[in-house]
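Working notes, structure below.
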Amino acid sequence: MFADVRLGEIPHHQGAIKLHLLLDHDGYLPSFCVVTTGKVADVTVAQRLKLPPGTIIVDDRGYNDYELFGRWTEEGVYFVTRLKDNAVYRVVRNLPLPQTRRGGVIKDQVIRFTGPGAKAKCAHELRLVTFYDAEQERRFEFLTNNFRLAANTIAAIYKDRWAIELFFKALKQNLKIKTFVGTTSNAVKIQVWTALITMLMLRFMQLRSQWGWSLSNLWRCCE
């Protein structure tokens with residue numbers, strides 16, 4: 001799961017920093033992290049990544065990049081994301097829907113982008129899964145290049161992306177990273193990396209614990 005968070009403003013400066021994070025689904029532990037200024041676009045860091053074939057990347061619409069989609073598809077890297085509202089495409093064919101409609105999948109389609117320049121950047125056929133969430137009374141369109149997994153699984157994969165939002169929330173709440181004690185580049189990075197190392201240790205303790213403690217409980221015990 002790939003995402004970024006704006007950590008906060010630098011005191012006495014007109015600027016901010018971002019933490020770009022790749023969260024591994026296995027244990028929900030960070031496997032990749034880049035600290036940049038607040039002006040760096042979300043997708044810029046993702047474009048630099050070299051991922052092994054078979055990887056499934058889950059990200060939000062801030063990472064929509066047709067050229068990146070094309071490159072990942074050619075490299076055997078899968079992605080699951082939300083389709084942008086202004087995306088221009090044509091439906092190549094409709095795929096069979098699940099026999100049970102309880103999962104909420106209302107469409108499963110093969111598409112091609114047809115917008116200006118989009119075809120040249122990503123000429124591959126992609127998959128569009130339309131899912132209706134009865135609880136929220138909302139319809140979601142999930143874009144992926146994975147044709148092997150069931151449509152309900154594609155929707156579930158994106159839903160699991162919420163784990164990275166919980167990670168960032170815990171990082172801010174428990175480690176007080178909303179403000180910075182120093183204003184230099186090194187001071188800010190030291191505080192961010194210290195917080196991440198602490199979070200990794202807490203997550204490891206949580207995984208090893210037999211008591212089912214929350215991160216906040218573990219943090220209070222360590223204070």
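Hydrogens, waters and symmetry mates play no part in the numbers below; they use all other heavy atoms, side chains included. Predicted model only: the values in this text are computed from it and were never measured.
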Closest non-hydrogen atom pair between [X] and [Y], with its separation:
{"X": "Asp108", "Y": "Ala151", "answer": "OD2-CB, 3.7 Å"}
{"X": "Trp193", "Y": "Val35", "answer": "NE1-CG2, 4.4 Å"}
{"X": "Pro52", "Y": "Val77", "answer": "O-CG2, 3.8 Å"}
{"X": "Gln136", "Y": "Asp133", "answer": "N-OD1, 3.1 Å"}
{"X": "Asn152", "Y": "Gly104", "answer": "OD1-N, 4.4 Å"}

Can you measure from [atom1] ([X]) to [atom2] ([Y]) and round to the nearest 0.5 angstrom?
{"X": "Ile157", "Y": "Asn146", "atom1": "CD1", "atom2": "CG", "answer": "6.5 Å"}
{"X": "Leu126", "Y": "Phe113", "atom1": "CG", "atom2": "CZ", "answer": "5.5 Å"}
{"X": "Asp65", "Y": "Lys84", "atom1": "CG", "atom2": "NZ", "answer": "8.5 Å"}
{"X": "Asn145", "Y": "Thr81", "atom1": "CG", "atom2": "OG1", "answer": "11.0 Å"}
{"X": "Ile56", "Y": "Ile154", "atom1": "CD1", "atom2": "CD1", "answer": "7.0 Å"}
{"X": "Tyr132", "Y": "Glu137", "atom1": "OH", "atom2": "CD", "answer": "5.0 Å"}

Can you run down the side chain to side chain donor-acceptor pair (under 3.5 Å) pairs that involve residues 111-123, sequence neighbours left out, and say none if there aren't any?
none

Electrostatic pair Glu75:Lys50 at N-O distance under 4.0 angstrom
yes

Is there a donor-acceptor pair under 3.5 Å between the side chain of Thr130 and the backbone N or O of Ile106?
no

Do any N or O atoms from the side chain of Arg161 and from the backbone of Val80 form a donor-acceptor pair under 3.5 angstrom?
no

Please tabulate, for the side chains in residues 87-94, all donor-acceptor contacts under 3.5 angstrom to protein atoms that are two or more places apart in sequence or on a different chain.
{"unit_1": "Asn94", "atom_1": "OD1", "unit_2": "Gln109", "atom_2": "NE2", "d": "3.1"}

Would you please name every residue forming a salt bridge (Lys or Arg N to Asp or Glu O under 4.0 Å) with Arg82, sequence neighbours left out?
none

Residues forming a salt bridge (Lys or Arg N to Asp or Glu O under 4.0 Å) with Glu67, sequence neighbours excluded:
none

Decide yes or no for [X] and [Y]: does some side-chain heavy atom of the first lie under 4.5 Å from some side-chain heavy atom of the second?
{"X": "Arg61", "Y": "Asp85", "answer": "yes"}
{"X": "Leu22", "Y": "Ile57", "answer": "yes"}
{"X": "Lys107", "Y": "Glu141", "answer": "no"}
{"X": "Leu143", "Y": "Phe69", "answer": "yes"}

Residue pairs, two or more places apart or on separate chains, that pass ring pair (Phe, Tyr, Trp, His ring centres under 6.0 Å) and touch residues 136-156
Phe142-Tyr158

Sequence neighbours excluded, which residues qualify as ring-ring contact (aromatic ring centres under 6.0 Å, His included) partners of Tyr78?
none

